[in-house]
Amino acid sequence: METFPKIISVDDHTVEPPNVWRDRLPARYRDTGPRIVRAPLKEMTFLGGRFAPVMGAPGDDGPIGDWWVYEDLHRPLTRLDTAVGYDRDEIKLEVITYEQMRPGSFSVPDRLADMDVNHVQSALCFPTFPRFCGQTFTEAKDRELGLLGVRAYNDWMVEEWCGPDAGGRLIPLTLIPLWDARLAAAEVRRNAARGVRAVAFSEIPPHLGLPSIHTDEWDPFLQACDETGTVIAMHIGSSSRMPSTSADAPPAVGSTITFANCCFSMVDWLMSGKFERFPNLKIMYAEGQIGWIPYILERADVVWEENRGWGGVADKVLRPPSELFAGHVFGCFFDDAFGLRNLDSIGVGNVLYETDYPHSDSTWPKSREVGEAQMGHLAPDVVERIVRGNAVDLLGLTPDGLWPGPGSAA
């Protein structure tokens with residue numbers, strides 16, 4: 001391509017600085033809320049889709065890393081959290097400290113510099129310690145502290161990560177207290193009032209012990225998203241259970257089928273009737289890729305047409321699922337040549353681009369080159385829509401692709 005549009009990545013990640021919660025929680029919680037402790041690693045496994053680290057005691061043998069400590073949780077920073085800049089064969093499951101990670105993982109100026117290197121104009125970032133939809137706070141025992149933790153993260157996201165120093169180039173994605181749909185609705189509205197247009201949610205809530213979207217339990221939250229134009233963003237793994245096949249399956253199995261949860265989740269939404277009840281609702285699947293979508297839409301339409309009488313959806317899903325998809329669902333990819341060859345079966349307006357910085361799957365610093373190689377057969381206006389135009393429309397960005405909220409220079 002002679003030119004390639006500046007990328008708006010709808011799936012990058014931030015590694016929260018150590019002081020996010022200590023600076024924002026009430027004084028009585030500063031020693032019990034999330035905090036960083038430097039400690040040795042006793043053992044760590046990642047099998048069957050389950051990540052299981054064990055923190056050692058001071059003085060124990062083992063590699064030293066920085067750990068988030070919160071109630072009974074001990075979660076280390078790992079090389080997989082921030083792998084960019086390392087050779088693929090050097091990326092291993094190991095604990096690290098902040099000094100051992102790329103500064104762009106947690107520092108706004110360094111992040112902007114790394115975005116410049118990668119031909120990225122703007123980026124939407126998912127959390128690390130709270131996990132992809134704030135499950136960390138949902139699993140905590142102290143609900144009052146959990147709610148304060150969610151709000152503190154959101155304040156940091158809006159006021160600092162996406163604050164004035166970012167110049168509108170970092171797009172806020174906030175969390176909700178998943179354990180209470182009414183509190184969640186209030187948090188959506190609080191953040192929408194300051195320009196936030198995206199909120200993280202679980203791809204499969206029952207995996208977290210929460211109600212499914214086939215119930216009415218989520219309706220206050222969905223109503224708030226519908227009314228405020230807030231996009232529901234679901235990242236792979238936001239159900240705390242990555243796809244796998246057996247308890248001893250190596251991570252490579254799960255990594256190959258990471259899209260599976262998105263696939264299951266999308267069918268849930270298409271058959272839930274929620275898009276009929278909340279006509280302005282939009283959902284997106286981060287890091288789910290797009291090549292699997294055409295068959296699922298074809299199959300869902302067949303089931304709806306031929307089996308809806310006994311399939312439990314005749315009275316609530318009033319249009320073909322593929323039609324609902326076109327108006328409400330967005331697939332996100334960073335490396336999916338097959339999906340791009342089948343774009344006509346997905347829809348140009350339903351596809352978003354991402355770079356996954358700073359994770360091990362990231363295409364940084366060659367996201368432009370990957371995009372050029374995989375999109376070379378597409379017309380320039382189609383490339384423009386995929387790489388930035390759809391994100392501008394979906395996330396309410398300025399025509400220049402910037403977040404127009406409090407931190408914007410636009």
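Every heavy atom of this structure was used, including side-chain atoms; hydrogens, water molecules and symmetry mates were not.
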Can you classify the ring geometry of [X] versus [Y] as parallel (below 30°), tilted (30 to 60°) or perpendicular (above 60°)?
X	Y	answer
Trp21	Tyr153	parallel
Trp292	Phe259	parallel
Phe275	Trp269	parallel

- Do other residues, nucleotides or ligands put more than 12 heavy atoms under 6.0 Å from Asp72 CG? no
Assess the side chains of [X] and [Y]: does a donor N or O sit below 3.5 Å from an acceptor N or O?
X	Y	answer
Gln374	Asp335	yes
Tyr70	Thr136	no
Asp12	Ser9	yes
Ser246	Asp248	yes
Thr215	Glu217	no
Tyr357	Asp114	yes
Thr355	Ser367	no

Electrostatic pair [X]:[Y] at N-O distance under 4.0 angstrom:
X	Y	answer
Lys6	Glu384	no
Glu90	Arg79	no
Asp81	Arg75	yes
Arg131	Glu139	yes
Lys274	Asp219	yes
Asp155	Arg190	yes
Glu187	Arg151	yes
Arg277	Asp226	no

Donor-acceptor check, side chain of [X] to backbone of [Y], threshold 3.5 angstrom: yes or no?
X	Y	answer
Arg169	Gln121	yes
Arg35	Trp68	no
Asn390	Val351	yes
Asp268	Ile204	no
Asn342	Phe338	yes
Asn118	Lys366	yes
Thr128	Thr14	yes
Asp336	Ile290	yes
Glu227	Ala224	no
Arg197	Ala192	yes

[Y] and [X], any side-chain heavy atoms less than 4.5 Å apart:
X	Y	value
Phe221	Arg182	no
Leu178	Leu210	yes
Ile7	Arg388	no

- Task: Apply side-chain contact (heavy atoms from CB on, under 4.5 Å) to the pair Glu305 and Val302, showing each step before the final yes or no.
- Result: CA-CA 5 Å; Glu305 184 67 38; Val302 169; 5.9 Å; no
- Message: Using side-chain contact (heavy atoms from CB on, under 4.5 Å), reason through Phe137 and Asp142 one step at a time and then give a plain yes or no.
- Response: CA-CA 9 Å; Phe137 297 109; Asp142 188 332; over 6 Å; no
- Sorted by chain and residue number, the ring pair (Phe, Tyr, Trp, His ring centres under 6.0 Å) partners of His359 (sequence neighbours excluded) come out as His13
- Item | Residue list, ring pair (Phe, Tyr, Trp, His ring centres under 6.0 Å) with Trp304, at least two apart or on another chain | none
- Message: Under 6.0 Å between ring centres: does that hold for Tyr98 and Phe106?
- Response: yes
- Task: Measure centre to centre between the rings of Phe333 and Tyr353, then say whether the value is under 6.0 Å.
- Result: yes
- Message: Please evaluate residues Val54 and Met44 with respect to the criterion side-chain contact (heavy atoms from CB on, under 4.5 Å), reporting the C-alpha separation (whole Å), side-chain torsions for both, the decisive distance (0.1 Å), and the verdict.
- Response: CA-CA 6 Å; Val54 178; Met44 182 164 57; over 6 Å; no
- Task: Grab the two heavy atoms, one from Met284 and one from Val231, that are nearest each other, plus how far apart they are.
- Result: CG-CG1, 3.8 Å
